[in-house]
Amino acid sequence: MRRADLFIGLGLLAFAGAYYRASFDIAMGFASDRLGPTFFPRLLAAALAACALGLVARAARDRSDPGPLPPVRTGTLVLVVGLTVGYGLALRPLGYPVATALFLAAVIRALGHRDLRTLAGVAVGVTAVLYLVFARALHVLVPMGPLGGR
Amino acid sequence: MLDRFVLGAQIAGQPLALLMMLFGVAWGIVGGALPGISGSIAMALLLPLTFGMDPAVALMMLAGVYIGAMYGGSITAILIRTPGTPGAAATVIDGYELHRRGLSGKALGVSLVTGTVGGLASVVILVAFAVPLSRVALAFGPPEYFALGVFGLALISSFVGRDLLKGAISALLGLIVATAGTDPFSGTPRFVFGGTDLLTGVEVAAGMIGLFAVSEIFYQVAEGGAWETIRGKFTTALPTWVELVRLRVAMLVGIVMGTIEGLLPGGGGAIAAFIAYNETKRWSKHPEEFGRGSLEGVAAPETANNVVTGTALIPLLTFGIPGSNSAAIMLAAMMLHGIAPGPQLFERSPQLVYGLFVGLVIANLMMLGLGLLALRPAIAVVNVRPPLLFAAILALVLIGAYSISNRMFEVWVVLLMGLVGYGMRRFGFNVLAMVLGLVLGFLVEVNLRRSLLISLGNPWVFFTRPISLVLLVFALITLLWPIVRRARDDHAVRRAAAAA
């Protein structure tokens, strides 16, 4: 039995159910066509449920040993994802330049680079280039936090 | 038609367009040289930059990235036996052998020149196929577009490998994500969870950046191995006329194979390159040199994968169906600008289509020039330590996502899609299938409902109109053919094993 596929199949089945259930919250509206806004989502939910059941059945039936999955550096991945989420949350309060420089430095460090001079240089340099390209050249309204202005 | 090419030349000849194409080609060479960063990922990273551009310029720049990436991929294939892009995988065989014999510069030069020849040939093929096909497609109504969307989804069968079930699930997930937002008929909000962020739906560009680029970074962080660095100094040595004449068969085979594979659903640069390599070996006067450092062994795959840069655009421009990652990114760029690809595009926006045709010619010529100059910078970037590179790419992706709508919502979408994409890769699902579902969801749903509205609910409307029927039959064949072929191959293997 392929355990990963079995659990993924069950998860997808639950997701299809939740998606189908959520379609009942859609208001029909006055200007709708005969099929309405719920027809296509319900069709997709049914198709996903059928495929998920197929995956579960296949995983339960399969007696072959698929071998172990390649090893994962879970800690590093979780750290990088966590830093990215933290960056998203810090962007408005700290402002783009400060948050980005800190994010870059933290990710570089998390990925195992130890030379502080390179780390600081890349963090500041990349932040400056991205700020110039997006905020100045492309006029993206990046949050500036305590630095104020644009 | 000549006046349209003149219009295209005027658009492509603008200083800003030239500058952006130059930047695109340079970015493509550098991005393509980085193992793991394929041409489509390099294109996805630039998607947010296109938002403020004229759409014609944006498409030309992205096409430039794709073209540049094809050469960039061959740099690491030749110098460190690691193809920077999947399309350069076949170049490794003889390119690296030439490098070992001290002929790195010559291998790089042959890759550059034959790639340019392939790229220029692809523009001629693109124009020859796309213009007549777009006229046929003008007769399409909602049932034909629905059938076309189904055909597009059936393409999944040809590139998901052996696991069609996981491919179908991947596509369904993309279709489900595409249903979030405002219902196209009634204006009713769907799956917006009481908020306003999702009212305009999930931005396709954000979805693609997450699924293609961020998932690749997460993959490299979690499972990637150490990168080899390129040692030594290299210069590109262009092939002589005599050498080019000797390579004519290899280039011709590359053009033919690149055209066939580019037009076929799910075909791509990598498959075209390998087939061209094998066929050239069969036709060559010196097949014994293949695998030991043959210039023909570099010329054939490099011509073929560059031909695909143009031919892969044919289904996109004529029918609005992306058949490859790079075409999907081009589609996302069009959608960012509110442009619907398809036959109407040739009539409504000739400046965009013909500007792209002329732009492709210019970008290929730029690649020839930049390929000579950008070798050292590309090697320098390949030698940048991965932590610095991954951090910089993540920072670029996140500000790029923010810039799509000047809000944090797209940043979260990119991150979530990155995680979903990584999980999909790890457990054998298909990211491109999900992207296809995401980009085709609107087309399929709207034209299904529109068709049934016209036919008063009669589903036979899809089978009584000849073009729609033909497309649905093609979709069925496209879906079933790889399954039949695999079953036949498996049967042959079992029989051979039993006989042994």
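A note on names: the letters A, B, ... follow the listed sequences, proteins ahead of strands, and every chain is numbered from 1.
Looking at B:L388, both its backbone and its side chain come within 4.5 Å of chain A, counting heavy atoms on both sides. Residue contact with chain B, scored on non-hydrogen atoms closer than 4.5 Å, involves the side chain of A:A4 exclusively. Looking at B:L398, only its side chain comes within 4.5 Å of chain A, counting heavy atoms on both sides. In this structure, chain B has no heavy atom under 4.5 Å from any part of A:T74. Interface remark: B:Y422 contributes side-chain atoms only to the contact with chain A (heavy atom separation under 4.5 Å). If you measure heavy-atom distances from A:R109 to chain B, you find no contacts under 4.5 Å at all. With a 4.5 Å cut-off on non-hydrogen atoms, A:L130 touches chain B through its side chain but not through its backbone. Looking at B:L452, the atoms closer than 4.5 Å to chain A (heavy atoms on both sides) all sit in the side chain, from C-beta outward. There is no contact between B:I217 and chain A, counting heavy-atom distances below 4.5 Å. Both the backbone and the side chain of A:L89 come within less than 4.5 Å of a heavy atom of chain B. With a 4.5 angstrom heavy-atom cutoff, B:L419 touches chain A only via side-chain atoms. For A:V80, the part lying under 4.5 angstrom from a heavy atom of chain B is the side chain only. With a 4.5 Å cut-off on non-hydrogen atoms, A:L44 touches chain B through its backbone and its side chain both. Proximity to chain A involves both the backbone and the side chain of B:R426, based on heavy atoms less than 4.5 angstrom apart. Contact of B:F429 with chain A is made through the side chain alone, with heavy-atom distances under 4.5 Å.
Interface summary for chain A: among B:L453, B:V214, B:I176, the most heavy-atom pairs under 4.5 angstrom belong to B:I176. Your options are A:T118, A:V81, A:V133, and the one with the most heavy-atom pairs under 4.5 Å with chain B is A:V81. Per-residue counts of heavy-atom pairs under 4.5 Å with chain A were compared for B:N406, B:L172, B:I169, B:I399; the largest is that of B:I399. When A:T38, A:L48, A:L43 are compared by the number of non-hydrogen pairs under 4.5 Å with chain B, A:L48 comes out ahead. Ranked by heavy-atom pairs under 4.5 Å with chain B, the first of A:D5, A:T100, A:L83 is A:D5. Residue with the most contacts toward chain A among B:F427, B:F218, B:F191: B:F191 (heavy-atom pairs, distance under 4.5 Å).
Not a single salt bridge (Lys or Arg N to Asp or Glu O under 4.0 Å) links B:R385 to another residue, sequence neighbours left out.
In terms of heavy-atom proximity, B:A395 sits nearest to A:L104 at CB-CD2, 3.8 Å. The minimum heavy-atom distance between A:V140 and B:S403, with the atom names listed, is CG2-CB, 3.4 Å. Considering every non-hydrogen atom in both B:A391 and A:V107, the closest pair reads CB-CG1, 3.8 Å.
At a threshold of 4.0 Å, the pair A:D25-B:R190 does not count as salt-bridged, since none of the basic side-chain nitrogens sits closer than that to a carboxylate oxygen.
In this structure, B:Y402 has its ring center at least 6.0 angstrom away from the ring center of A:F134.
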Quick one: side chains of residues 408-417 of chain B, donor-acceptor pairs under 3.5 Å with protein atoms, not counting sequence neighbours, listed by atom name and distance.
{"from": "B:E410", "atom 1": "OE1", "to": "B:R407", "atom 2": "NE", "distance (Å)": "2.9"}
{"from": "B:E410", "atom 1": "OE2", "to": "B:R407", "atom 2": "NH2", "distance (Å)": "2.9"}

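Side-chain contact between A:C51 and B:L165 is present, with heavy atoms from C-beta onward closer than 4.5 Å.
Within a 6.0 Å sphere centred on CZ of B:F442, other residues, nucleotides and ligands contribute 12 heavy atoms or fewer.
Residues from residues 119-127 of chain A that place a non-hydrogen atom less than 4.5 Å from a non-hydrogen atom of chain B comprise A:V122, A:V126, given in numerical order.
Here NZ of B:K166 is found 10.0 Å from CG of A:L12. Values are rounded to the nearest 0.5 Å. Atom-to-atom distance recorded for B:D163:CG and A:R58:CZ is 4.0 Å, nearest 0.5 angstrom. To the nearest 0.5 Å, atom CD of residue B:Q220 and atom CZ of residue A:R73 are 9.0 Å apart. To the nearest 0.5 angstrom, B:S451 atom OG is 10.0 Å from A:L35 atom CG.
Screening residues 86-123 of chain A for ring pair (Phe, Tyr, Trp, His ring centres under 6.0 Å), with sequence neighbours left out, gives A:Y87-A:F103.
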